[in-house]
Every structure is written in structure tokens, then in C-alpha cells.
Number of protein chains: 2
Amino acid sequence: MKELCIKNGTILTMDEAGTVIHDGMLWIEGSRITYCGPAGSETKPRSHWRRDLDARGGLIMPGLINGHTHAPMTLMRGLADDLPLDVWLSQHIFPAEKNLTSEAVYWGAMLACLEMIRSGTTSFCDMYLFAGQVAQAAHDAGLRAVVGEVLYDFDSPSYGKIENGLALTRELIDKLAPHPRLSAAVMPHALYTCSRSLMESAGAISAETGAALDTHLAENTGETVEVQKSWGARPLAVLEELGLVNERLWINHGVDLNQAEIERLAAAGARVTHCPESNMKLANGVAPLPEMLAAGVKVCLGTDGCASNNDQDLFGEMGSCAKLAKASRLDPTVAPAEAVVSLCTRRGAAAFGRPDDLGVLKPGALADVIVVDTNQPHLTPMYNPMSHLVYAARGGDVLHTVCHGKVLMAEGKVEALDQEEVMAKAKEQARALTGREVL
Amino acid sequence: MKELCIKNGTILTMDEAGTVIHDGMLWIEGSRITYCGPAGSETKPRSHWRRDLDARGGLIMPGLINGHTHAPMTLMRGLADDLPLDVWLSQHIFPAEKNLTSEAVYWGAMLACLEMIRSGTTSFCDMYLFAGQVAQAAHDAGLRAVVGEVLYDFDSPSYGKIENGLALTRELIDKLAPHPRLSAAVMPHALYTCSRSLMESAGAISAETGAALDTHLAENTGETVEVQKSWGARPLAVLEELGLVNERLWINHGVDLNQAEIERLAAAGARVTHCPESNMKLANGVAPLPEMLAAGVKVCLGTDGCASNNDQDLFGEMGSCAKLAKASRLDPTVAPAEAVVSLCTRRGAAAFGRPDDLGVLKPGALADVIVVDTNQPHLTPMYNPMSHLVYAARGGDVLHTVCHGKVLMAEGKVEALDQEEVMAKAKEQARALTGREVL
């Protein structure tokens, strides 16, 4: 049994009460936290611990949760920016994706995992092609993930015909069920790329297996117009008519939602992943975050893929989330720091379907823990840790990353994988995928 | 004479033509660049150079230019967030500023300088109390700066009565005139804190000395309403009536500007500093960046002070600038990456009044140079350097910082000042200023 001690830091438990423990200490045995409290009350002798991690006076907090990404798209980071959406998709992203191979997906996902470990993300939810390879990467990197094969009605470079995609989804759900850190969900891409029959089949798999159904929805007003034209109703109403709006529904973006829709999502217990930086960069609009939080919708935060962000850094995402909300409402009090941090921790976990043992530091919770090194010029002085996490900290400030009790990074050095190898392989795959020279 | 060679990187000259030099080399003699070109054509033997900086395959580019900040406000970083503007100012910022001492200003400014050096900023424009201490800090830290004593009609903790403030401004302009990196400007705070007589006196000093007149203007629509009430015209019209809208005028924010005003600013050759993160966080609105650029206004980028940002990182600011413009216009093509980088380099220099020898790498230009370490997971792969600078890089990615030919940071280690001392002194001053415990 692994036994780990994290000491000499301020613990932000991220529990509902906002408990903060100064000079705190955390014990981890196996995959769980066994003690979370002041250092003075330790009972085990120091020599008992196999390994100590020194927080160096920094912040000890839950590993961050990324509710929506396309991890392998790290390979397309900065491939094309500042373009109209149709040009970006049809002339850059889709042509590259046509060349996708399972190897490219694996190394792209590994690069994303490396970036997540370095920037304090320990759980992510991923929709992409060759999802089995994304699962393999998350397994190899030691991260927690929900993965899903993206389903649509045109031939996939991964599974070919949609029948195979549905079968693959079912297999993936079964195969990952016993895994301690991984699981699979049903992931139809969007209403504008999926037929009624596909959505019905996806819904049936979700209902039979209990797996989540994760889809892009209401990303912008253009989508609403298109869906109204082809399906005869607004996006959420289409899902309702299909019987898909329930606790298993995870929607990504949720930009163009009206108040009545927000209330129906809250009542159904569905989850919305807010992706502010992607929404900004692609000029999709601003999701109604304050209204969703007020209505009690399960909201979490997502980076989206690197083709539209262009990083996997949830610290930057938290900053953009808070600032975009204030700017769009002309109200500096909306999206306050603690609420934003909760989207990536306590609330993120609830939205992930693990409200009891993820996203919060307490005895019995999963040992997904990060340490933020606050002894740095841009985090000096520190009056309020929550403010720093949202408005001043960056992924690069993460010192230690632990997931499921295992040390993935210590003292800024990644132990879970070979950083140089991952970067070299990812570059090689990026060249092959795009035919472009990369530096 | 100092002689320095920066090698083994891709040079982004940031000139009008967008010249990029792969495997480039830069020679610096004294405070100037003497060679900027491919490595192969070097003529001096390697042993000739006193010092080599290895760019490790990264990006060699001009040091960034911060057009508007209040450096000493690092001491109030995260002191109060997410509050209505009046509560934030009257209950938190103003009470702290009443306790300001010249020592607090010096160490707060030193902390800002440290943060700037670490994040690749080599020039900044600063408005604050005890501006002589800000100049001293910039001098000691080796940075380039334009400083100014903030002027308003109530008693200042620094100079007391406004007459003394005006005298101090004149002294500072004279005193810094011979300094190779520092100069002073006339800095009346804003039309809602300054009387007609103050604005007239400030304008007279600017006209007599040729120093810039730098002021907050059109930060939000509320200001416009207030100025219309007390001055009888919109903010820019008031400045026009006072005869202050000319090449020496530097306005900060410029959020509430209409098209006619934008055209008048362009025609006058006045400069506008756009502060997107501060505008977002304080919910002041969105400045008309695309229109200003189209009209040919001299625009640069500013972080504003740490009480409203909460960092001095121009990389994060560039990302927010590009994304906010797209989000607010629902157009992903506005504020493309190269244009945004130019705001902190080529255009920033023009706006700083040094269009010929700052913000661009070329023989004869000032040797303000930074190196961005791109050999990192979150900057892999790299198709387009401009994209990475705006959408994925962070201040923490800066490896070397050189200003005026002097190495301020090499291999991520600050040489210009004692980092531990600056952080300790700043914490001590922050405690004294606010009466709050700081971590």
C-alpha cells in the first residue's frame, strides 16, 4: 500500500463550508485520503510515510477537473486561428482529422495528459476519435478520465460506419467499467451532425448501461437556427422530445440557452460544461453562467480542445471565466473567485457524477491532490488564496500533482511519463497529420 | 563595452514586414543591437563575445511594452475582488492608499519590476503616488519606464497640495531627462478627479516640456455621464476644449469612445492604452479595438495595476485582448495574433514615442530582447509562433530578459535584483499598508 504525506501548506478543502486549514497535512493511503487536518495532530511517526511531498508553504487543493476537451487535438494547437468558423473547420481541422490514426490520437492525448499533469488537472472528460487510445493514454499517464468515441453520421476515420461506432461505444463502456480511474460515455457529436436514428441509438445505450450521454449543444445562435430548421425545435427541446434530458445528460457549451431551458436543465439534473475561452476565441457568444448557477444547474468548466483554446490550462480558464462573466454583464460581482474555483473542484465533481468523493479534500475522498507554489513574485502578497487561483495563478505554478494516490509530478518534475519522449512523438505525429513543418 | 550574443533561436523581428529569421543570432554592443540575422553569416569569432545566451531553440523577440500600470499596486494584489466599483475603491483601495509611504511604493514597484522581468516586459508606463520611488525602482531593476506622479484635487499622501504635485512633476521631468532608460510624464488622474485649473496647469507643463500628458479617459459609460454633468461635454470633447488632444496625449482605457472620437484621436496622433483584463474584471465595458486599429489610432496594451488585473503578465493580457475582441464582436477574425503581439512591441513602441528604435529587432535598435522557451508541453507543436505567443504562452515561459543591453534574467534566474529580498520586503509593506495578514 502506497503511503504518502503532503505537508507544510495551506489546505483548501473546497468543501461547501469553505474550510481552510493553515499549516495543514494530508495523508494518503492507497487511492484515498486518510487524514486532512492540522499538522499538529498527526499521530503517525514521520518515519512511517513512504514518501513526503513538501508544499513549501503553498496551497494544497483538489486536483482540477476539466469537463470537456478533445485531448488529441493538442496536435492541432495553433494550426489555424483567427478564421471564420467554416474556413477553420473545412479547410484546416477536418482535413487534418481525415489523416488521423490511432497512433496520432495516442500521442496527442499523451501530450494533453502531460500538459494536464503539469497544470494541475487530474480528471478530464474527453470526446474524440479512437477513444480507446485516449483511454490508453489516460491509463498510462495515471489520470482520471471519462472518454467517449465521437459519433456522427458520416464515415469516421476511426470506426467507419456508425453501426461500428455504436458497437465500439458499448464495448468501451464494458471494457472500462472495472477500471479504477476510467469510464466511458456515449458521445454523439451534435444535433447538426447526428440523425434522429443515431441520437435514439445513443440514448438507448445510455439508458441501458447507465453511462452518461455527452454532446455539444447550443454552442451558438447559428446552431439554434440550423437545428430549428432541420429538427423543427430548439436544441434542448429536441433532446427533450428524444427523452434524453435527464441526470445522465452532459451538454457542452450551452451558450444559447434561455431562462426556461436553464430551469428545465436544473430540474432534470443535467450537467452543462462551460467553455469560456473556446467560446470567446471562436466568437460563439457567452453562456449564461450566473443564471445557470442561480437555477442550480450542475455546471463545470472545460477547456475544449487545443484547436480552439489553445491550451489545457484550467487556471487560465478560471480567470477567463470570471472576467468574461463580469464583462458581459457589466457587473463585477458575478462569478466571484470561490464559485469559479468550485466549478473545477467541488461542483466539477458533482457534475462528473462523483459528488461524494471527488473535488474535495477530506478523509475518504479520492486522493486527487495538487499543490500550487505561491512563493513566487506574481503570487505575492497573498491575502486571499481563491483570488490568486482565479486571477493570478497559472498552470505553470503547480508544484506537485497526485492522482488516485499516485505522484504524477513532484517538484515540477513529471514522474508519470517521459516528457521528452511524449513531446518528440507528438511533434512527429503533428507533422504527419498536417503535412506542415513544426518547430 | 558590454558585448552579448543571443543565439540558437527563431528571431521574430516584429518589423512591419513580419520578418522571421530561423536559426537567428543577435549581437548586442552597449545598449544597442549591432547584428540581427542568420547564424551562418556571423563574422566575429565566438570567443569575441563576453557572454552568450542560448535561446534553446525558442523565440527571440523584442521585450514587451506595458502601456499602463500602477506598479506599486502589486501590494494590493487580490486585496479585494468581485465587488461593486464604489465599494472596492472606497472601502479597500483608497483606505490602503492613505497609508502609503515612499518605502511602500518603492518595494511595491520593485515587486512589479521583478514580475515584469520574469514575464518578459522591459518597458512600462506608470502612474502612481511617490513616482520618484517608482523611477528609482525601475532604475535599480534595469527596466525602461515612463513614470508620472498622479495628480488630483484632493490632498495626496505623497505631495500634499496640488501645487506641490505640479512642482514635483516638473522636477521629475527635468531630473529624468538625461537618464538613458527613464523619463517622466504629466499625469492628471482623470476628469472626474481633476479641476479645470489642474488640467490647464498639467497641459501647460506638457506643452512647455514636451512631456506626454497621460490620463484615464472614457473608462466606462458612467464616467461619460458624470463628466457630461460636471464639465458639460463628453470626456474627449473636454480634453479638446482644453487644447490637450495632440501627439503628447496618452489616454488609458478609452472604452466609451464613439466612431467620431476615434477618428479625432487618430487625426491628432494621440495614443490609447487598451487594458482588456482590467476592463473585464471591473466590468467597465469593451474598448473599440478593431475600430481604433482601422482608424490608425496609436494603440498599445496595458495591464493596469494589480488591484484590478491581478498580474503584470502581458502574455495573459494578449490572450485576453484577442479573445475579448472576438467574443464582443461575435467575429473570430478580429484582433488576429500578429496584430495583438504588435500592440506590445512595434505599435507599443510607436505609442511610447519611440517608433524607430524600440519594439523591433534590427541593427541600431535598443537592445530590449526576450527569449521565450517554446520547448514545453503546452507550446508543442508549434506551427505559428504568433499564435503561441497570444493563445498559449505565459509570462512564466520567458527564459532570458535583456533591457538596454543588460541581462536582467538568464535561464529563468533574475540577475538584476535579489528576488527573495524583494518578495520579503513587499510582504512586509503589504502588511503595514493594509493591516491584513498575508501568506
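Heavy atoms only: backbone and side chains are in, while hydrogens, waters and symmetry mates are out. What you are looking at is a predicted structure, and each value in this text was computed from that prediction instead of being measured. Below, read A as the first sequence line, B as the second, and so on, with proteins coming before strands; counting in each chain starts at 1.
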Quiz prompt | Which residues share a salt bridge (Lys or Arg N to Asp or Glu O under 4.0 Å) with A:E277, sequence neighbours left out | solution = B:K323
Quiz item: What are the two closest non-hydrogen atoms of B:S387 and A:N310, and how far apart are they?
Solution: OG-ND2, 3.4 Å
Quiz item: What part of B:H378 lies closer than 4.5 angstrom to a heavy atom of chain A: side chain, backbone, both or neither?
Solution: both
Quiz item: Considering only heavy atoms, which portion of A:L439 lies under 4.5 Å from any heavy atom of chain B: side chain, backbone, both, or neither?
Solution: both
Practice problem: List in chain and number order the residues that pass salt bridge (Lys or Arg N to Asp or Glu O under 4.0 Å) with A:R436, two or more places apart in sequence or in another chain; answer none if no residue qualifies. | Solution: none
Quiz item: Looking only at side chains, do A:D81 and B:Y383 share a donor and an acceptor under 3.5 Å apart?
Solution: no
Quiz item: Do you know which of B:L114, B:V438, B:V286 has the most heavy-atom pairs under 4.5 Å to chain A?
Solution: B:V438
Practice problem: Please state whether the side chain, the backbone, both or neither of B:L85 comes within less than 4.5 Å of a heavy atom of chain A. | Solution: backbone
Quiz prompt | chain A contact via B:D397 - which portion, at a heavy-atom distance below 4.5 Å | solution = neither
Quiz item: So which part of B:M76 gets closer than 4.5 Å to some heavy atom of chain A, the side chain, the backbone, both or neither?
Solution: backbone
Self-check item: Smallest separation among heavy atoms of A:T380 and B:R77, with atom names
Solution: O-NE, 2.8 Å
Exercise. Under 4.5 Å heavy-atom distance to chain A, tell me which part of B:T374 shows up: side chain, backbone, both or neither.
Key: neither
Quiz item: Of all of A:E115, A:K427, A:K326, which one pairs up most often with chain B through heavy atoms under 4.5 Å apart?
Solution: A:K326
Quiz item: Counting a contact as any heavy-atom pair under 4.5 Å apart, which residues of residues 331-338 of chain A contact chain B?
Solution: A:D331, A:P332, A:T333, A:A335, A:P336, A:A337
Quiz item: Considering residues at least two apart in sequence or located in another chain, which fulfil the side-chain hydrogen bond (donor to acceptor under 3.5 Å, both in side chains) criterion with A:E428?
Solution: none
Exercise. Let me know if B:L79 has heavy atoms under 4.5 Å from chain A in its side chain, its backbone, both or neither.
Key: both
Quiz item: Any idea which of B:V414, B:D82, B:L330 has the most non-hydrogen atom pairs under 4.5 angstrom with chain A?
Solution: B:D82
Quiz prompt | Heavy-atom contact with chain A under 4.5 Å, split by part of B:L83 | solution = backbone
Self-check item: B:M423 vs A:N375 side-chain heavy atoms within contact, under 4.5 Å
Solution: yes
Self-check item: Heavy-atom pairs under 4.5 Å with chain A, option from B:A283, B:G319, B:G395 with the top count
Solution: B:A283
Quiz item: Taking atom CG of A:L324 and atom CG of B:L324, what is their separation to the nearest 0.5 Å?
Solution: 8.0 Å
Exercise. Kindly compute the distance separating CE (B:M280) from OG (A:S328), expressed to the nearest 0.5 Å.
Key: 8.0 Å
Quiz item: Non-hydrogen atoms of chain A under 4.5 Å away: do they reach the side chain of B:P385, the backbone, both or neither?
Solution: side chain
Quiz item: Do B:P381 and A:L111 have side chains that get closer than 4.5 Å, going by heavy atoms?
Solution: yes
Quiz item: Do you know which of B:N220, B:T221, B:V87, B:T434 has the most heavy-atom pairs with chain A at a distance under 4.5 angstrom?
Solution: B:T434
Quiz prompt | Portion of B:Q419 that has a non-hydrogen atom of chain A nearer than 4.5 angstrom | solution = side chain
Self-check item: Taking every non-hydrogen atom, the tightest pair across B:R394 and A:G316
Solution: NH2-CA, 4.2 Å
